[in-house]
Protein chains: 2
Amino acid sequence: MSVQLACASCGRVLEPADRGRPRLYCSRACQARAYRARRAETPARVPESDDGARHLTVERIVRAGIVVADAEGLDALSMRRVAMELGTGTMSLYRHVASKDDLVTLMVEAAMADVPLPDSPPRNWRHGLERAAYRDWELYHRHPWILPRVMVTTRAYFSPALAADSESAFSSFDGLDLEPADAFRYMFMFASYVQGVALILVSDAEAERQSKIAAKQGAKASGHAQDPLYEPGAYPRLARAMRAGADPWDLDALFASGLAGVLDGIAADLTRRGIDA
Amino acid sequence: MSVQLACASCGRVLEPADRGRPRLYCSRACQARAYRARRAETPARVPESDDGARHLTVERIVRAGIVVADAEGLDALSMRRVAMELGTGTMSLYRHVASKDDLVTLMVEAAMADVPLPDSPPRNWRHGLERAAYRDWELYHRHPWILPRVMVTTRAYFSPALAADSESAFSSFDGLDLEPADAFRYMFMFASYVQGVALILVSDAEAERQSKIAAKQGAKASGHAQDPLYEPGAYPRLARAMRAGADPWDLDALFASGLAGVLDGIAADLTRRGIDA
DNA sequence: GCGTCGTTGCGTACAAAGTACGCATCCGGG
DNA sequence: CCCGGATGCGTACTTTGTACGCAACGACGC
């Protein structure tokens with residue numbers, strides 16, 4: 001008796017091909033389904049060859065996504081929007097990225113390469129951490145949308161670029177006679193502070209896009225009239241600080257001042273342990 | 001000549017009522033539209049009276065929203081989901097909250113009242129800030145979803161509950177002979193650190209819900225086999241810290257240690273300025 | 001009691017967004 | 001010339017927020 005061949009995808013009985021090789025699928029659709037299933041379990045990217053233009057590539061898609069996110073925020077990033085940017089159909093993107101989530105992950109990795117890591121060893125641990133802090137600060141200035149995807153040192157291994165960033169900052173302690181676990185605690189405090197400030201930076205950027213605080217500078221210049229923070233009634237301490245000249249909008253200055261404080265805290269702990277910087 | 005009356009909403013010509021008072025609207029729909037417009041420019045809430053059950057109230061809606069967000073995260077919070085929770089129609093909610101955004105804002109305000117502010121003055125500034133930090137920490141443990149809506153001290157006036165929180169922490173410096181602007185810088189550093197750690201806490205909670213790191217404890221117990229962080233190759237410093245006993249998953253301990261460092265940094269600055277704590 | 005308005009509940013409907021599915025097409029090899 | 005690998009993309013379904021308008025209930029003046 002002859003063996004009954006079945007479609008490799010849907011399993012239905014399959015009559016042999018008229019001539020040539022034996023058939024594998026009962027229809028073009030079944031072939032496509034099998035191809036998709038194979039792709040799904042092999043997340044290997046398309047090899048990125050080709051002319052670099054006109055043809056769709058992961059790289060081109062990611063770049064277009066970054067352009068949209070930089071200009072209009074992560075909320076405005078939709079697959080249709082990216083496709084429009086590239087002049088292709090929406091679903092074409094899915095041949096190169098597995099999902100929108102996948103796309104954003106790729107975008108973060110690409111965006112983090114925009115600000116290079118330092119390639120020389122730091123003069124001392126303080127210099128190393130300052131350098132690392134300003135590298136991240138610059139990064140969040142350029143691409144505020146990466147923050148929600150970024151985790152701190154302790155979760156860095158979800159992303160190669162992030163882990164490299166952490167490792168680079170970590171190397172600031174290299175020369176010191178310091179317990180690795182202590183160094184890790186310092187890293188944790190340091191990274192948490194930087195990310196905390198970044199959260200404000202990003203919130204401001206988002207709010208400004210929606211012009212919720214459009215008159216922020218204007219209000220300050222015009223004697224900050226209606227701002228409840230400046231009214232001594234409800235929040236006297238905050239109001240007093242505002243009137244004493246504290247500028248909550250000068251994030252760069254605040255970032256620098258807080259960073260100095262955090263590093264002072266590390267220095268105090270080092271001194272307490274008898275380690276000389 | 002008699003005055004032609006017009007519908008107050010659509011403006012169409014309006015024949016006078018058969019008897020009784022003169023009509024205002026040409027139809028029930030026009031009346032409803034006018035009512036909606038009036039409500040839109042008067043964001044006053046419904047007075048919250050009534051029996052407290054069965055009848056729809058802002059309070060009940062907000063409570064239901066908090067239950068959903070606590071259990072399933074902010075992503076799972078949809079108007080339909082809240083309505084289902086309350087056994088009402090989706091659109092009924094919009095009689096009480098202006099939008100989903102409005103609902104979430106109300107939810108944050110309500111959730112922040114869950115952990116009470118301290119009512120006694122702190123023993124000293126360090127004690128005051130520690131108390132404030134653990135208050136927030138507890139808050140983020142209970143309601144991780146509030147973080148994206150929370151801004152730091154500097155932006156606190158967007159929310160009464162947040163401003164009260166900041167003001168309470170700010171009062172830690174009350175006795176000291178300290179420039180208000182300096183105190184504000186300390187507050188900024190302090191609050192940024194707390195929020196930075198909260199970001200990790202929230203990320204972990206979210207990831208755990210999606211069981212992306214379901215085996216996190218298991219991996220550690222089983223000799224942390226496949227975790228790239230533990231491989232000395234790519235990230236030697238991080239790997240060394242892990243093997244030296246640093247536990248990146250013990251957030252409570254890390255939070256406490258980093259907080260001590262931040263407060264040390266403030267103490268160092270106070271000493272430098274000749275202010276005795 | 002009847003008509004009108006203020007107010008509330010809610011069904012219908014529409015506009016975005018992610019994406020599963022399958023067709024059409026081009027390419028390379030037998 | 002046929003088949004499978006690979007790519008582009010139109011169609012369609014789902015899930016979301018929410019605009020709109022109808023129906024109903026209670027209060028109040030006639």
Side-chain angles (χ1 to χ4, degrees), chain A residues 7-10 14 16-40 42 44 46-47 49-50 54-58 61 75-84 86-104, chain B residues 8-10 14 16-40 42 46-47 49-50 54-58 61 75-84 86-104:
Chain A
C7 168
S9 177
C10 67
L14 194 66
D18 312 346
R19 55 184 173 280
R21 269 168 299 178
R23 310 190 49 179
L24 288 180
Y25 307 104
C26 64
S27 71
R28 227 33 222 248
C30 280
Q31 181 209 336
R33 180 162 43 235
Y35 175 59
R36 241 181 295 120
R38 223 175 308 133
R39 258 185 75 84
T42 309
V46 175
S49 54
D50 261 25
R54 186 158 319 281
H55 210 51
L56 222 46
T57 342
V58 185
I61 295 174
D75 285 346
L77 185 86
S78 72
M79 299 306 273
R80 288 173 226 263
R81 181 81 174 70
V82 173
M84 202 186 309
L86 292 167
T88 69
T90 308
M91 295 314 291
S92 308
L93 305 178
Y94 284 92
R95 292 285 177 196
H96 303 268
V97 298
S99 64
K100 184 185 182 180
D101 191 81
D102 185 34
L103 170 59
V104 176
Chain B
S9 177
C10 67
L14 194 66
D18 314 344
R19 55 185 173 281
R21 268 169 299 178
R23 310 190 51 179
L24 288 179
Y25 307 103
C26 65
S27 71
R28 226 35 221 251
C30 280
Q31 181 208 338
R33 180 165 40 239
Y35 176 59
R36 242 179 295 120
R38 222 176 308 133
R39 257 184 77 83
T42 309
V46 175
S49 56
D50 261 25
R54 187 158 317 282
H55 209 50
L56 223 44
T57 342
V58 185
I61 295 174
D75 286 345
L77 185 86
S78 72
M79 300 305 273
R80 287 171 227 263
R81 181 81 175 72
V82 172
M84 200 185 310
L86 292 167
T88 69
T90 307
M91 294 315 291
S92 308
L93 306 178
Y94 284 91
R95 292 283 177 197
H96 303 268
V97 298
S99 62
K100 185 185 181 180
D101 191 82
D102 184 35
L103 170 59
V104 176

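Lettering of chains follows the sequences in order, A, B, ..., and the numbering in each one begins at 1.
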Could you write out each protein N or O paired with an N or O of nucleotides 11-16 of chain D at a distance under 3.5 Å?
none

Practice task
Report yes if at least one side-chain N or O of B/Ser92 is closer than 4.0 Å to OP1 or OP2 of C/dC10; otherwise report no.
Solution key: yes

Completion exercise
Rounded to the nearest 0.5 Å, the NE2 atom of A/His96 sits from the OG1 atom of A/Thr88 at a distance of 8.5 Å

Exercise for the section: Could you tell me whether B/Thr90 contacts a base, only the sugar-phosphate backbone, or nothing, with contacts defined as non-hydrogen atoms closer than 4.0 Å? Expected result: base

Completion exercise
Looking only at heavy atoms, the pair that brings A/Ala98 and A/Asp102 closest together is N-OD2, 3.0 Å

Handout entry: Distance below 4.0 Å between B/His96 side-chain N/O and C/dG9 OP1 or OP2
Key = yes

Exercise for the section: Write down the distance between CG (A/Leu56) and C1' (D/dC9), rounded to a whole number of angstrom. Expected result: 11 Å

Exercise for the section: May I have the distance from B/Met84 (atom CE) to C/dG11 (atom P), rounded to whole angstrom? Expected result: 13 Å

Handout entry: B/Arg95 CZ to C/dC10 C1', straight-line distance once rounded to whole Å
Key = 9 Å

Exercise for the section: Mind calculating the distance between CG (A/Leu93) and P (C/dG18) to the nearest angstrom? Expected result: 10 Å

Exercise for the section: Specify the residue among A/Gly87 and B/Tyr94 whose closest nucleotide of DNA chain D lies further upstream toward the 5′ end. Expected result: A/Gly87

Problem - side-chain contact (heavy atoms from CB on, under 4.5 Å) partners of A/Met79, counting only residues at least two apart - result: A/Thr90, A/Leu93, A/Tyr94, A/Val97, A/Lys100, A/Leu103

Exercise for the section: Starting at atom CD of A/Gln31, determine the distance to atom P of C/dC23, rounded to an integer number of angstrom. Expected result: 12 Å

